[in-house]
Amino acid sequence: MPRPLVVANWKMHGSRPANAELLAALLAARPYAAEVAFCVPFVYLHETAATLAGSELRWGAQDVSEHAQGAYTGEISAAMLAECGCRYVLVGHSERRTHHGEGDALVARKAQAALGRGLTPIVCVGETLAEREAGDTEAVVKRQLSAVIHQLAHCAAEMVVAYEPVWAIGTGRQASPEQAQAVHAVLRAQLQAATGRAQAMTILYGGSVKPDNAAALFAQPDIDGGLIGGASLKAADFTAICRAAG
Ligand code: PEP
């Protein structure tokens with residue numbers, strides 16, 4: 001069993017005063033049995049790093065370029081994130097897949113770019129409501145994960161996977177612990193077939209995790225922690241979720 005991991009995804013939220021208040025509260029509430037990390041907007045990385053330096057809390061970004069450097073206006077490379085002390089980077093979040101047209105192959109190349117600079121990619125997979133209702137959940141998440149497994153090859157065991165059903169993100173409608181566990185078991189079996197080391201890999205659940213449902217989700221055998229959006233912006237809620245993980 002890996003150490004539980006709880007990752008905040010601030011999305012495009014925050015301000016310097018609000019971030020300072022939130023991080024101060026999370027620092028004050030230590031220690032946590034789980035590893036806790038904050039994926040913040042790029043512009044706040046330096047300040048987040050300065051605030052969390054010297055603590056065991058980690059930080060990361062919400063996206064990364066597939067390219068190492070060059071004429072890619074607006075992009076941020078993995079090397080730049082490494083310079084900011086990032087440990088993690090989200091890749092393939094459903095909001096990037098939906099609003100920015102990111103497909104499986106691009107997500108896989110981004111994961112590889114991250115690993116190449118020593119960052120741990122948190123690879124997000126998940127089905128839409130229409131895909132679930134059509135009975136395609138398993139096929140969709142396996143296809144999304146398969147692209148990354150093939151790209152990373154012998155390094156595939158280094159990634160973190162986050163199962164985030166699209167219909168549960170930001171909607172208040174979370175997967176039941178049993179629904180989430182069923183998909184996590186499928187993902188772990190796929191990772192095991194590819195790496196032989198899946199028991200040591202981390203698979204997070206994300207999608208409307210709140211203090212009142214976190215413990216039941218994290219109690220499932222294949223759920224190793226959470227990727228938390230809305231609730232990560234409220235210090236009391238996020239602290240409670242971190243505690244529920246370990
Ligand atoms: C997310 O953005 O990854 C997420 C899980 O959001 P929320 O917790 O708000 O559903």
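Computed from a predicted structure; not experimentally measured. Order of appearance sets the numbers: ligands from 1, and atoms from 1 within every ligand. Only this structure's heavy atoms are used, side chains among them; waters, hydrogens and symmetry mates stay out.
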At a 4.0 Å cut-off, with the gap strictly under it, does some heavy atom of S208 reach an atom of ligand 1? yes

May I ask you to say whether R96 pairs ionically with E102, meaning some side-chain N is under 4.0 Å from a carboxylate O? yes

What residue and heavy atom of the protein are closest to atom 3 (O) of ligand 1, and at what distance? E164 OE2, 2.7 Å

So, regarding G170 and ligand 1 (criterion: nitrogen or oxygen to nitrogen or oxygen, under 3.5 Å), is there a contact or not? yes

Below 4.0 Å, non-hydrogen atoms only: which portion of A168 touches ligand 1? Side chain, backbone, both or neither. backbone

Geometric N/O contact G230 with ligand 1, under 3.5 angstrom: yes

May I ask whether Y88 and M80 are part of the same hydrophobic cluster, defined by side-chain heavy atoms of I, L, V, M, F, W, Y residues being less than 4.5 angstrom apart, directly or through others? no

Is the F238-F38 ring centre distance short of 6.0 angstrom? yes

Are the side chain of R3 and the backbone N or O of A33 linked by a donor-acceptor pair below 3.5 Å? yes

Looking at ligand 1, does any of its N/O atoms fall within less than 3.5 Å of an N/O of G229? yes

Just by modelled atom types, is the G206 backbone N or O under 3.5 Å from a matching donor or acceptor in the N9 side chain? no

Heavy-atom pair of closest approach, residues L22 and L233: CD1-O, 3.8 Å

Taking N or O atoms only and a 3.5 Å limit, does K210 qualify as a polar contact for ligand 1? no

H93 heavy atom under 4.0 Å from ligand 1: yes

